[in-house]
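Working notes, structure below.
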Amino acid sequence: MTITDILHKTDLNKEEIKTLLSAEGEDMKKLFDRALQVKLEHLDNYVHLRGLIEYSNICTKYCLYCGVRSKNPNFTRYQLSDNEVIECAKLAHELGYGSVALQSGERSDKEFTDKITHLVKEIKKIDNGSLGITLSLGEQTEDVYKEWFEAGAHRYLLRIEASNEELYYKIHPHDAKHDFQTRLNCIDTLLKLGYHTGTGVMVGLPFQTLDDLADDLLFFKQKDVAMVGMGPFIPHPDTPLWEYRDQIPSAAERMELTLKMIAILRLMMPEINMVAATANQTVDPMGREKAIAVGANVIMPNLTPNEFRENYLIYPDKACVKDKPDQCQTCLDVRLAAIGHRVLYNEWGDSLAFRKKIKDKR
Ligand code: 5AD
Ligand code: FES
């Protein structure tokens with residue numbers, strides 16, 4: 001089978017995915033062109049925005065890749081006040097973003113989960129519930145996920161990080177706090193509760209193989225998720241995986257591999273949302289645009305007040321840390337227009353896949 005034959009299939013098997021992941025030169029360009037074509041056919045040239053609020057960097061876990069892991073003492077821990085969160089959400093509304101994403105280090109104590117319920121309800125009050133709410137707050141019990149859903153959050157992001165259990169335990173400690181099966185169960189629970197569920201992986205991790213990456217894509221398809229976020233792994237000096245920084249592909253290679261993952265997944269799941277992760281922009285100044293041009297359709301501009309951003313460095317040299325939110329908006333409009341895309345303002349921007357699923361259930 002030629003590359004062109006493979007590019008016109010949607011039910012790609014593992015071997016075909018691996019062929020595409022290995023594509024170079026002209027073949028890679030064909031993959032990228034086809035992925036863009038598929039996206040434009042199904043979703044047009046719209047990009048959805050989620051105003052990202054990095055609520056707190058207090059984290060009870062210690063994932064081996066993450067700069068805000070609890071065992072890193074080298075920065076100040078913070079939690080935004082209720083007022084700061086609401087102001088961010090109001091700003092998102094004023095800027096026409098249509099939705100916000102509340103992200104935080106992982107905590108599951110009742111004080112925290114109650115606080116989130118309260119904040120979700122408060123954000124929902126802005127202009128009679130006009131903002132969509134995505135949560136990205138890690139692993140929680142079914143009851144907590146349910147409480148937040150009932151309070152008004154309807155999307156949730158929980159990356160599997162690596163769908164191969166063995167690899168998962170190479171990038172996480174192997175203990176009760178970092179349990180692969182729990183993570184899988186959480187994703188299943190979110191799907192069951194009716195959340196617009198997003199997951200994803202890091203690309204270019206130490207020990208990660210092309211087989212792993214192909215299996216990650218098959219995992220997303222099998223779970224039938226509504227949204228996927230994938231970005232290059234960026235070694236952080238205050239984490240255990242820093243030690244392996246010389247054993248991973250170069251930054252350019254990690255970027256290229258991420259773009260191939262996005263493009264292939266667009267062929268496999270034409271109607272899902274895919275985010276052009278900020279990590280792409282950190283590795284390559286044009287990384288987000290490149291991701292959009294090969295199949296991604298969501299961007300999460302940072303709305304966290306600037307004074308806190310430097311303390312939310314899950315990886316070093318994060319992009320846009322010094323930009324003010326309104327600068328970000330103009331910058332995005334211009335950058336996207338340059339690649340023939342446009343922002344869809346004032347909409348929640350759920351994936352077409354999710355909207356169809358909801359309709360089928362009714
Ligand atoms: N490099 C790239 N991405 C990272 N994340 C965490 N640490 C890193 C890193 N060092 C990603 C994880 C997490 C998301 C919030 O950020 O995939 O789910
Ligand atoms: Fe905070 Fe992994 S280090 S969730």
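Order of listing sets the numbers, starting from 1, for every ligand and every atom in it. Quantities reported herein were computed from a predicted structural model and do not represent experimental measurements.
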May I ask you to identify the nearest protein heavy atom to [atom], giving residue, atom name and distance to one decimal place in Å?
atom: atom 7 (N) of ligand 1; result: Tyr65 CD1, 3.3 Å
atom: atom 17 (O) of ligand 1; result: Glu161 OE1, 2.5 Å
atom: atom 10 (N) of ligand 1; result: Ile234 O, 2.8 Å
atom: atom 1 (Fe) of ligand 2; result: Cys59 SG, 2.1 Å

Do side-chain atoms of [X] reach the backbone of [Y] as a donor and acceptor pair under 3.5 angstrom?
X: Lys170; Y: Glu165; answer: no
X: Asp212; Y: Thr209; answer: yes
X: Arg34; Y: Leu7; answer: yes
X: Arg335; Y: Arg288; answer: no
X: Asn72; Y: Asp238; answer: no
X: Tyr65; Y: Leu241; answer: no

Exercise for the section: Can you sort out which atoms of ligand 2 are near Arg69, meaning under 4.0 Å from one of its heavy atoms? Expected result: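 Contacts of ligand 2 toward Arg69, numbered from 1: 3 (S).
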
Exercise for the section: Run the numbers for me: atoms of ligand 1, each under 4.0 Å from some heavy atom of Arg159, listed by number. Expected result: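 Going through ligand 1 atom by atom, the ones under 4.0 Å from Arg159 are 11 (C), 12 (C), 17 (O), 18 (O).
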
Practice task
Could you list the atoms of ligand 1 found under 4.0 angstrom from a heavy atom of Ile314?
Solution key: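 So the answer, numbered in order with elements, is 7 (N), 10 (N), 15 (C), 16 (O).
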
Practice task
Report the member of Gln103, Met230, Met202 with the shortest heavy-atom distance to atom 8 (C) of ligand 1.
Solution key: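 Minimum heavy-atom distance to atom 8 (C) of ligand 1 goes to Met202.
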
Practice task
Please determine if Phe233 has a nitrogen or oxygen closer than 3.5 Å to a nitrogen or oxygen of ligand 1.
Solution key: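 Between Phe233 and ligand 1 (N or O atoms, distance only) the closest approach is not under 3.5 Å.
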
Problem - His236 heavy atom under 4.0 Å from ligand 1 - result: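 No; His236 lies far enough from ligand 1 that no heavy-atom distance drops under 4.0 Å.
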
Handout entry: Heavy atom of Gly229, distance to ligand 1 below 4.0 Å
Key =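 No, Gly229 has no heavy atom closer than 4.0 Å to ligand 1.
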
Problem - Cluster check Trp348, Ile133: I/L/V/M/F/W/Y, side chain < 4.5 angstrom - result: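 No, because Trp348 and Ile133 fall into different hydrophobic clusters, even though each may have its own neighbours under 4.5 Å.
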
Problem - Cationic N near anionic O, under 4.0 Å, Asp33 to Lys29 - result: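 Between Lys29 and Asp33 there is a salt bridge, with a charged N closer than 4.0 Å to a carboxylate O.
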
Exercise for the section: Walk me through it: do Phe207 and Tyr244 pass the test ring pair (Phe, Tyr, Trp, His ring centres under 6.0 Å)? Expected result: CA-CA 9 Å; Phe207 318 111; Tyr244 300 96; 5.0 Å; yes

Exercise for the section: Mind checking whether Pro232 contacts ligand 1 via backbone (N, CA, C, O), side chain (CB onward), both or neither, at a 4.0 Å heavy-atom cut-off? Expected result: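 For Pro232, only backbone atoms sit under 4.0 Å from ligand 1.
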
Practice task
Examine Cys63 and say whether one of its N/O/S atoms is closer to atom 1 (Fe) of ligand 2 than 2.8 Å.
Solution key: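 Cys63 does not place any N, O or S atom closer than 2.8 Å to atom 1 (Fe) of ligand 2.
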
